[in-house]
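Note: hydrogens, waters and symmetry copies are ignored here, and every other heavy atom, side chains too, is used. Because the structure is predicted, anything quoted here is derived from the model rather than measured.
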Amino acid sequence: MSSHSLPTKKTGPNGIFHWLAVFALCLFCLAPVLWQVLTSFKVNADIAAIPNIYLPTRLTLSHYIELFTRKPFLRYLLNSTFVSLTSTIVCLAIGTPAAYAIARLRPVGGKLIQLGVLLVTLFPSILLLQGLLEIIQFFHLGNNYLALIIPYTAMNLPLTILVMRSFFVQLPKELEDAAKVDGYNTWQLLVQILMPLTLPALVTTGILTFIAAWNEFIFALTFITEETMKTVPVASAQLGSASVFEIPYGPIAAATVIGTIPLVILVLFFQRQIVQGLTAGAVKG
């Protein structure tokens, strides 16, 4: 028997404190989500109880049923999906070639362009509301999906350009030189060679853009008043109750849960690409 034994991993006080800190952080982040999920299954008596009952004593699906019977909530989900998906596709279609041009083609004033893009990302979107409202009224885009798709694309385009540029910069220049020797033009080089290599960046940027468009509230509340064209955040905030003295906490919680499920599924499905995109993009910028 060898005198050298494998070292055993011991959990000391530092390890215990580490896992306690991780548990506390997870509890702090997930407690509001868990509260909403539990509230969506509580009966109204438990929701209104004083003190409030954290764990429901009786479970009900009435709040979820009420969402789809009293309101066209499925239509709201389709509206949010269409607007968010369209703005994401347009952002990637415009932002990817723009990022490549800034990173590799080095246009005149490229540094100033990059600085301008960075400044736009720091500009609060709420300050654009009045100007956008005038534009929407001038072009008669009220109660039109374009009234949301165009602003969402404009707001998320700078982030798309910055993230994609950081990926194009770190790709080896020799790869592009070899492709040009083989007869690829700039567009073929971008679409057929570079974009497959930057798939994690495309997925990460697309999901960030999609989530930002999905959660946007102020523009959707202002530009869309037609009931059948509302998005999930606006529809959830405008849920009414049987009495003006009653706040429909149950249906609001159910709407919040349903509105979050598509985002959770999207992130879980692309979690590997998201992690690769976030870590690789931090190597070189």
Is there a side-chain contact between F210 and L263 in this structure, where contact means two heavy atoms from C-beta onward sitting under 4.5 Å apart? yes
When rounded to the nearest 0.5 Å, the distance separating CG of L148 from CZ of F223 is 7.5 Å
Write down the atom of M229, the atom of I224, and the distance for their closest heavy-atom approach. O-CG2, 3.5 Å
Q188 side chain vs Q192 backbone, donor-acceptor pair below 3.5 Å: no
More than 12 non-hydrogen atoms from neighbouring residues, nucleotides or ligands closer than 6.0 Å to CZ on F217, yes or no? yes
Check H63 against S40 and note the closest heavy-atom contact, atom names and distance. CD2-O, 3.2 Å
Spatial distance of atom CG (L27) from atom CG (L34) [nearest 0.5 Å]: 8.5 Å
For Q114 versus I102, what's the shortest heavy-atom pair and its separation? OE1-CG2, 4.3 Å
Inspect the surroundings of NZ in K173 and state if more than 12 heavy atoms from other residues, nucleotides or ligands are less than 6.0 Å away. yes
Verify side-chain contact (heavy atoms from CB on, under 4.5 Å) between T60 and F41, making sure each step is shown before the conclusion. CA-CA 5 Å; T60 180; F41 290 104; 5.7 Å; no
Under 4.5 Å between side-chain heavy atoms, hopping through other hydrophobics if needed: is there a path connecting L157 to V120? no
For atom OH of Y184, is the number of surrounding heavy atoms from other residues, nucleotides or ligands below 6.0 Å larger than 12? no
SG of C91 to CD1 of I161: how many Å apart, nearest 0.5 Å? 8.5 Å
S87 and T209: which non-hydrogen atoms are nearest, and at how many Å? O-CG2, 4.5 Å
Do other residues, nucleotides or ligands put more than 12 heavy atoms under 6.0 Å from the CZ atom of F139? no
Are V83 and L133 connected in a single hydrophobic cluster, I mean Ile/Leu/Val/Met/Phe/Trp/Tyr linked by side-chain heavy atoms less than 4.5 Å apart? yes
Are F219 and L127 joined in one hydrophobic group, where the rule is that I, L, V, M, F, W and Y side chains link up if heavy atoms are under 4.5 Å apart? yes
Ignoring hydrogens and angles, state whether a donor on the side chain of Q36 or Y249 is under 3.5 Å from an acceptor on the partner side chain. no
Does any part of the side chain of Y76, heavy atoms only, come nearer than 4.5 Å to the side chain of T231, both counted from C-beta? no
Any heavy-atom pair between the side chains of L208 and T204 that's under 4.5 Å? yes
For a ring-ring contact (aromatic ring centres under 6.0 Å, His included) with Y100, tell me which candidate from W187, F167, F168 qualifies. F168
What's the separation between atom CD1 in I211 and atom CD1 in I207, rounded to the nearest 0.5 Å? 6.5 Å
Side-chain donor or acceptor of N79 paired with backbone N/O of T228 under 3.5 Å: yes
Do F68 and R75 have side chains that get closer than 4.5 Å, going by heavy atoms? no
Among the clusters formed by ILVMFWY side chains lying less than 4.5 Å apart, do I94 and I113 turn up in the same one? yes
In terms of heavy-atom contacts, S80 and V232 come closest through OG-N, 2.9 Å
Using only atom types and a distance under 3.5 Å, with no angle test, would you say the side chain of S166 pairs donor to acceptor with the backbone of V163? yes
Working note: V203 + L199, criterion side-chain contact (heavy atoms from CB on, under 4.5 Å); need CA distance, chi angles, decisive distance, verdict. CA-CA 6 Å; V203 172; L199 182 61; 4.0 Å; yes
Are T198 and L171 close enough, and set up right, to give a side-chain contact (heavy atoms from CB on, under 4.5 Å), and what steps lead you there? CA-CA 9 Å; T198 58; L171 292 178; 3.9 Å; yes
Are side-chain heavy atoms of Q238 and L221 found at a separation under 4.5 Å? yes
Side-chain touch Y152/T86, heavy atoms, less than 4.5 angstrom: no
Evaluate the side-chain proximity of N44 to I47: yes if any heavy-atom separation is below 4.5 Å, no if none is. yes
Shared hydrophobic cluster for Y145 and L85 (ILVMFWY, side-chain gaps under 4.5 Å): no
Would you give the length of the straight line joining atom CG of L189 to atom CZ of R104, rounded to the nearest 0.5 angstrom? 9.5 Å
Can you tell me how far apart CH2 (W214) and OG1 (T260) are? Round to the nearest 0.5 Å. 9.0 Å
Any side-chain to backbone donor/acceptor pair from T96 onto A93? Under 3.5 Å, distance only. no
May I have the step-by-step check of side-chain contact (heavy atoms from CB on, under 4.5 Å) for M164 and L202, ending in yes or no? CA-CA 7 Å; M164 293 304 301; L202 289 171; 3.6 Å; yes
Considering all heavy atoms, the nearest L239-P248 contact: O-CG, 3.6 Å
May I ask you to test the L132-I150 pair for a side-chain heavy-atom distance under 4.5 Å? no
